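Reminder, nothing fancy here: chain letters follow the sequence lines and each chain counts from 1. Note that the coordinates shown come from a computational prediction; the quantities given were computed from them, not determined experimentally. Just the heavy atoms: all of them, side chains too, but no hydrogens, waters or symmetry mates, feed the values below.
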2 protein chains.
Amino acid sequence: MKYATQEVIEKATVLFWQKGFQAAGMRDIQDALDMRPGSIYARFKSKEGLFQLVVEHYVENSKAKLNAVAEATSPCTALHSFFTQALINPEEYRFMRQCLLVKSITELDVIGEQGKQAVVEGMAVLQQCFASIVSRAIECQELPTSTPVDLAANWLQNQFVGLRAFALMQHDNAAIATMIDKVLIDLKTQWPINRTLNAH
Amino acid sequence: MKYATQEVIEKATVLFWQKGFQAAGMRDIQDALDMRPGSIYARFKSKEGLFQLVVEHYVENSKAKLNAVAEATSPCTALHSFFTQALINPEEYRFMRQCLLVKSITELDVIGEQGKQAVVEGMAVLQQCFASIVSRAIECQELPTSTPVDLAANWLQNQFVGLRAFALMQHDNAAIATMIDKVLIDLKTQWPINRTLNAH
DNA sequence: TTATGACTTGAACAAGTGTTCAAGTAAACC
DNA sequence: GGTTTACTTGAACACTTGTTCAAGTCATAA
C-alpha cells in the first residue's frame with residue numbers, strides 16, 4: 001500500500017472541499033492522490049465511495065472540535081473562538097470557510113444514495129453537537145435556563161451556515177468578526193415561542 | 001422565433017434553480033426549452049450566456065420583491081411575510097427554497113467569468129435592497145434609529161441564506177416559521193460595535 | 001515454495017459533455 | 001423581388017466523464 005488510507009482521505013478531503021463532488025473529476029482525484037484509477041477503484045470502489053469516506057472523516061473532525069467547545073470551561077467564549085477560527089483564516093485556505101456538508105447539500109441529487117446518506121446523517125450529528133454546547137452553556141450559567149435547547153441548536157447551525165457563505169465572499173475580516181459578535185448576542189437574548197408542537 | 005425570450009428564460013431559470021449550473025446539461029436544457037442546440041447557441045451564444053441571463057432575470061425578480069417590502073406601510077411585517085413565502089412553499093417547489101445565487105456561489109469556479117460576474121453583482125444588488133428595507137423600517141419607527149443600516153443589511157442577507165439552507169432540508173414548516181420569528185426579534189435588538197472602520 | 005489476497009498500473013471503454021455547422025425557414029428591410 | 005437578418009434544425013465533432021480490466025507487484029500465511 002503506497003499511501004496510508006488516512007493520508008489519502010485527507011488529500012481527497014481538500015480536493016472535494018475545494019471543488020465539490022461534481023467538479024472534482026477522477027483525473028483531478030488521480031493527480032491529488034498520486035494514484036492510478038485502478039488503485040482508487042480497488043480501494044474505494046467508486047468516486048462516491050471515496051466521497052463517502054471523506055464526508056465521514058469531515059464529520060468526525062468537526063464533531064471533535066464542537067465537543068471540545070462543549071467541554072470548555074466557558075462554552076460561549078469557546079464557541080466564539082471556534083467560529084472565528086473556522087471563518088477567518090489565511091487566503092489560501094479560503095475554500096475551508098465553506099462547509100463541506102452544506103456545499104454537498106446543493107448537489108445532493110448528483111451524488112448518489114450512499115454519499116447522500118452520509119451527508120444527511122452528518123448534518124444530524126453536528127446538530128446534536130450544537131445541542132450539547134447549548135446544554136453545557138446553560139449548566140455553566142452562561143445562558144438562561146429558559147433557552148430552548150433544540151431550537152437554539154438548530155438556530156446555531158443555521159447561523160454557522162449563513163456565516164460560512166458570507167465569509168466565503170467577504171474580504172473584510174472585521175465584518176465577519178462583527179457578525180460573529182452578533183451571533184453571541186442573539187444567542188443570549190429572547191427566543192420566540194416554539195411553533196413546533198413536538199420537536200423531533 | 002418559436003418562443004419569446006422571456007418565456008425561454010423562465011423555463012431555464014426553473015432548470016438551473018433545480019439542478020445548478022453544472023448538473024443542468026445541454027440535453028436537459030434542450031428538453032426543458034423544447035429547442036435544438038443550434039437555436040440555443042444562436043440566441044444565447046453558450047450555456048454560460050443563457051445562465052447569465054437567468055441570473056440577471058432572477059436578480060431583477062428578487063429586487064422587485066424586496067423593493068415592495070421596503071415600500072410597504074409596515075416594512076417589518078412585510079419582511080416577515082416575504083421570508084415566509086420564500087421559505088415555506090408547496091413540496092413540488094421545494095427547490096426554490098434554495099437561493100439560486102448562493103447555490104451558484106458554491107460552483108463559481110466552473111461557471112466562467114461572465115456568469116461569475118453576474119452572480120457576484122447580483123449579490124451586491126440584493127444587499128442594497130436589504131439596506132433600503134432597513135432604512136425604511138427606521139423611518140417607520142419599527143426599528144431604533146441606532147440600527148446600523150449596512151451592518152443590518154448584511155446580517156439580514158445572511159439570515160436569509162442560512163434560513164434557505166435550513167428550509168431546504170427541514171420538513172417541519174413550523175420549525176422554519178419559528179426561525180423566521182427569531183430573525184425579526186434579533187433584528188430589533190442589540191447590535192455589536194462595528195469592527196469595520198470604513199464600510200465599503 | 002507456493003498460494004493467497006490486497007494493492008498497483010495504464011491503456012482502453014462506453015457514455016456523456018458543450019459546441020459547431022451546413023442547410024433550411026420566414027419575417028423585415030431596401 | 002431580392003437581400004439581409006434572426007432564428008431553427010439535427011447530425012456530427014472533439015473532448016471529458018466515471019469506470020473496467022488484464023497484467024503485474026509484493027507482503028503475508030500455509
Side-chain angles (χ1 to χ4, degrees), chain A residues 1-55 104 106-119, chain B residues 1-55 104 106-119:
Chain A
M1 200 150 64
K2 205 167 162 190
Y3 302 111
T5 300
Q6 182 70 10
E7 194 182 338
V8 172
I9 289 185
E10 267 157 28
K11 285 178 186 168
T13 302
V14 171
L15 187 69
F16 279 126
W17 206 343
Q18 244 178 109
K19 296 217 172 205
F21 179 79
Q22 300 177 78
M26 279 309 291
R27 270 70 179 179
D28 297 323
I29 296 175
Q30 289 160 36
D31 291 350
L33 307 190
D34 188 23
M35 287 173 80
R36 262 38 62 199
S39 309
I40 298 173
Y41 277 81
R43 266 166 97 167
F44 304 107
K45 238 191 91 180
S46 67
K47 182 184 174 185
E48 188 188 347
L50 175 60
F51 179 75
Q52 193 185 335
L53 288 180
V54 162
V55 168
S104 304
T106 62
E107 41 182 358
L108 222 48
D109 293 338
V110 281
I111 289 179
E113 264 330 298
Q114 295 181 45
K116 190 171 170 172
Q117 203 179 319
V119 172
Chain B
M1 202 153 62
K2 204 168 164 190
Y3 303 111
T5 300
Q6 181 71 8
E7 193 182 339
V8 171
I9 288 185
E10 267 157 28
K11 286 177 185 167
T13 303
V14 171
L15 187 69
F16 279 125
W17 206 343
Q18 246 180 108
K19 296 227 183 196
F21 180 78
Q22 299 178 77
M26 280 308 291
R27 270 69 179 180
D28 297 325
I29 296 176
Q30 289 159 37
D31 291 350
L33 308 190
D34 187 24
M35 286 173 80
R36 262 40 61 198
S39 308
I40 298 173
Y41 278 80
R43 265 168 96 166
F44 304 107
K45 236 192 92 180
S46 67
K47 183 184 173 185
E48 189 189 346
L50 175 60
F51 180 76
Q52 192 185 336
L53 288 181
V54 163
V55 168
S104 304
T106 64
E107 42 182 358
L108 221 49
D109 293 338
V110 280
I111 290 178
E113 265 329 299
Q114 295 180 45
K116 191 171 171 172
Q117 202 180 319
V119 172

How long is the line joining [atom1] of [X] and [atom2] of [N], in whole Å?
X	N	atom1	atom2	answer
B:Met26	D:dA12	CE	C1'	15 Å
A:Phe44	D:dG18	CZ	C1'	16 Å
B:Gln30	D:dG10	CD	C1'	10 Å
B:Ile29	D:dT8	CD1	C1'	17 Å
A:Leu33	C:dC7	CG	C1'	15 Å
A:Asp31	D:dT17	CG	P	11 Å
B:Ile40	C:dT20	CD1	P	13 Å
B:Met35	D:dG10	CE	C1'	14 Å

[X] [atom1] to [Y] [atom2] distance, which is reported to the nearest 0.5 Å:
X	Y	atom1	atom2	answer
B:Gln22	A:Glu107	CD	CD	6.5 Å
A:Ile111	A:Thr106	CD1	OG1	8.0 Å
A:Gln52	A:Lys45	CD	NZ	9.0 Å
B:Gln117	B:Leu108	CD	CG	11.0 Å
A:Tyr3	A:Ile9	OH	CD1	15.5 Å

May I ask you to say what [X] touches in the nucleic acid, namely base, sugar-phosphate or nothing, with a heavy-atom cut-off under 4.0 Å?
X	answer
B:Gly38	base
A:Met1	sugar-phosphate
B:Arg43	sugar-phosphate

(message) For B:Lys2, I'd like to know if atom NZ has over 12 heavy atoms of other residues, nucleotides or ligands within 6.0 Å.
(response)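 Yes, NZ of B:Lys2 has more than 12 neighbouring heavy atoms, counting only those of other groups under 6.0 Å.
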(request) For the side chain of B:Pro37, starting at C-beta, report the closest nucleotide among C:dG18, D:dT9, C:dT19. (result)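 Out of C:dG18, D:dT9, C:dT19, the nucleotide with an atom closest to B:Pro37's side chain is C:dT19.
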May I ask you to evaluate whether [X] reaches the phosphate of [N], defined as a side-chain N or O under 4.0 Å from OP1 or OP2?
X	N	value
B:Lys2	D:dT8	no
B:Ser39	D:dT9	yes
A:Lys45	D:dT19	no
A:Tyr41	D:dT19	yes
A:Arg36	C:dG10	yes

(message) Please tell me whether B:Gln6 and B:Glu10 have a donor and an acceptor in their side chains that are separated by less than 3.5 angstrom.
(response)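 Yes, a side-chain donor-acceptor pair sits under 3.5 Å.
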(request) Name every residue in residues 3-23 of chain A that has at least one heavy atom under 4.0 Å from any atom of DNA chain D, in order of residue number, or write none if there are no such residues. (result) none
